[in-house]
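Scroll down for the structure; my scribbles are underneath it.
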Amino acid sequence: MGIVNDVKDTLSKAVFNPSSLLSGRGGLHMAQIILCLVTFVLGLFRGGSSHTYWIYAMFTWAFCPIMTLFITVIEMFGLDIVLNMFCMDWGDFTTGMAMSSSLMTISVAITYANFYACLKCLYGWIVTVFAFLCGFLYILEVLKDKFLDKKKGSYLAALPGFCKVLEAFVSCMIFVSLTGYRGKPALILCVIAYIIPFPILPLIIATNIFKKLKNCLPFNLDRFVFVFLVISVVLYIFTAIMWPIFTFRHNPRPSDCPPSFCIWAIQFMVAFFTYVNLILFTVDLIFTLLGICGFKRT
C-alpha cells in the first residue's frame with residue numbers, strides 16, 4: 001500500500017501549470033525556441049545548399065528548439081514529476097540537453113561564420129549573429145543549472161554521460177566534414193571505422209537515462225560499455241594512422257587554399273577531429289575501467 005500511496009501522491013502533483021512559462025526558466029526556454037526558429041528561417045532564406053555544413057546547421061536550428069519545446073511542455077503539464085519517479089532523472093536529462101544544445105549551436109555558429117560570412121556578405125553576418133545568440137542562451141541555461149540551481153548530474157550532465165555526448169558530437173563533426181574518400185579503399189575503411197561506434201553511443205546514453213530499462217538488461221552494462229570503448233579506441237587508432245597517411249601523403253596544402261572552401265582544409269578537419277575523439281574515447285575507457293575496478297569516479 002505504501003508504494004500505491006506514493007504513486008497516487010506523485011500523480012496528484014502532475015497538474016497543468018501554464019505559469020511555469022513566466023518563470024525565469026520558462027522565459028529562457030521561450031527565448032531559445034523563438035531565436036532558434038528565427039535563425040532557421042533566416043538560414044533557409046539565405047538559400048539552399050548541398051553543403052553538409054549548411055544541412056547540419058539547419059538540422060541544429062530545428063532539433064534544439066524542438067527538444068526545448070518538448071521539455072517545456074512536459075514541465076508545463078507537470079509530467080516531469082512522473083518521469084522522475086518512474087523512469088529517469090529529469091533534472092539530469094534537461095541539463096544534459098542544454099549542454100548538448102550549447103555544443104551544437106556554438107559549433108554551428110562558428111562553421112556558419114567560416115563558410116557563409118564575408119566582408120560583402122551582410123546577410124551571412126546577420127545569420128551568424130543570431131546563431132551565436134542561440135548558443136549564448138543555451139550556455140546561459142547550463143550556467144544557471146550548474147551554478148545558480150546547483151543541479152548535480154547523475155549521468156548525462158555528469159562526466160560519464162557527457163563524455164558520450166562529446167564523442168557523439170565529434171563523430172557528427174567528422175561525418176559532416178568527410179570528403180575526398182570516394183575511390184580510395186583505405187579512406188573508405190576509415191569511413192566504416194567512423195560509422196561502427198556511432199549508432200551504439202545513443203543507445204548507451206538512452207539506456208543510462210532510463211533507469212528502469214538499465215535494470216532490466218540481462219547483462220552488465222558497464223562491462224558492455226568497456227568492451228565497446230576498447231573496440232572504439234582500436235578503430236580510432238586505425239583511422240588516426242590511415243586517414244592522414246592516405247590523405248596528405250604527397251599532397252601538401254595548396255598555396256591557393258582558402259580556409260573555408262578548400263577540400264584539403266576540410267580533410268584536415270577530419271584528421272583533427274579524429275585525434276580529438278581518440279583522446280575522448282581513451283579517457284572514457286580509463287574512467288570506465290576504474291569504475292569497474294571499484295574506484296569512485298568524481
Side-chain angles (χ1 to χ4, degrees), residues 9-37 39-40 59-109 131-169 172 201-215 221 297-298:
D9 183 57
T10 301
L11 292 176
S12 67
K13 295 177 182 177
V15 294
F16 179 61
N17 182 25
S19 62
S20 63
L21 296 178
L22 302 177
S23 65
R25 178 179 175 79
L28 188 58
H29 282 176
M30 288 297 99
Q32 291 166 348
I33 293 169
I34 294 170
L35 203 55
C36 281
L37 291 180
T39 309
F40 179 87
F59 168 79
T60 297
W61 294 327
F63 173 79
C64 291
I66 288 173
M67 290 305 301
T68 304
L69 179 62
F70 168 76
I71 290 170
T72 303
V73 171
I74 291 292
E75 292 181 345
M76 187 169 61
F77 282 90
L79 297 176
D80 55 303
I81 300 172
V82 180
L83 292 173
N84 207 47
M85 178 179 182
F86 288 107
C87 62
M88 64 191 300
D89 184 340
W90 181 254
D92 174 70
F93 173 74
T94 55
T95 303
M97 284 307 306
M99 294 166 73
S100 302
S101 297
S102 300
L103 278 174
M104 294 175 70
T105 50
I106 289 297
S107 66
V108 160
F132 273 107
L133 287 175
C134 291
F136 171 75
L137 288 180
Y138 280 108
I139 291 174
L140 197 62
E141 182 179 359
V142 174
L143 294 176
K144 179 180 178 298
D145 286 350
K146 288 291 188 180
F147 298 104
L148 294 182
D149 298 338
K150 304 293 184 182
K151 288 186 179 179
K152 294 182 179 180
S154 59
Y155 180 73
L156 197 59
L159 182 61
F162 195 59
C163 269
K164 304 293 186 303
V165 171
L166 285 173
E167 289 155 10
F169 166 75
C172 288
L201 281 169
L203 293 177
I204 293 174
I205 293 171
T207 306
N208 278 283
I209 289 174
F210 295 100
K211 296 175 287 187
K212 299 294 184 182
L213 177 61
K214 181 179 179 181
N215 294 334
L221 183 61
R297 175 162 40 190
T298 59

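Everything numeric here is computed off the predicted structure, so don't read it as measured data.
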Should [X] and [Y] count as side-chain neighbours, where that means a heavy-atom distance under 4.5 Å?
| X | Y | result |
| --- | --- | --- |
| F169 | S100 | no |
| L201 | V165 | no |
| I81 | W90 | no |
| L156 | T95 | no |
| D89 | F93 | no |

To check you understand the geometry: which heavy-atom pair defines the closest contact between [X] and [Y], and what is its length?
| X | Y | result |
| --- | --- | --- |
| C64 | Y138 | O-OH, 3.2 Å |
| I106 | G135 | CD1-CA, 3.7 Å |
| A157 | K146 | O-NZ, 3.0 Å |

Roughly how far, to the nearest 0.5 Å, is [atom2] of [Y] from [atom1] of [X]?
| X | Y | atom1 | atom2 | value |
| --- | --- | --- | --- | --- |
| I71 | I74 | CD1 | CD1 | 9.5 Å |
| S102 | Q32 | OG | CD | 8.0 Å |
| L137 | T105 | CG | OG1 | 9.0 Å |
| D92 | M97 | CG | CE | 11.5 Å |
| L203 | L221 | CG | CG | 10.5 Å |
| M104 | M99 | CE | CE | 14.5 Å |

For this session: Kindly check if the number of other-residue, nucleotide or ligand heavy atoms within 6.0 Å of CZ (F132) is above 12?
Result: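 Atom CZ in F132 is crowded, with more than 12 foreign heavy atoms closer than 6.0 Å.
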
Quick one: list whatever passes side chain to side chain contact (heavy atoms under 4.5 Å, CB included) with [X], sequence neighbours left out.
| X | result |
| --- | --- |
| I33 | M30, L37, P65, T68, L69, T72 |
| I34 | V38 |
| K144 | R25, L148, D149 |

For this session: Apply side chain to side chain contact (heavy atoms under 4.5 Å, CB included) to D145 and E141, showing your working.
Result: CA-CA 6 Å; D145 286 350; E141 182 179 359; 4.0 Å; yes

For this session: I would like to know whether L133 and T39 meet side chain to side chain contact (heavy atoms under 4.5 Å, CB included); could you show each step before the answer?
Result: CA-CA 9 Å; L133 287 175; T39 309; over 6 Å; no

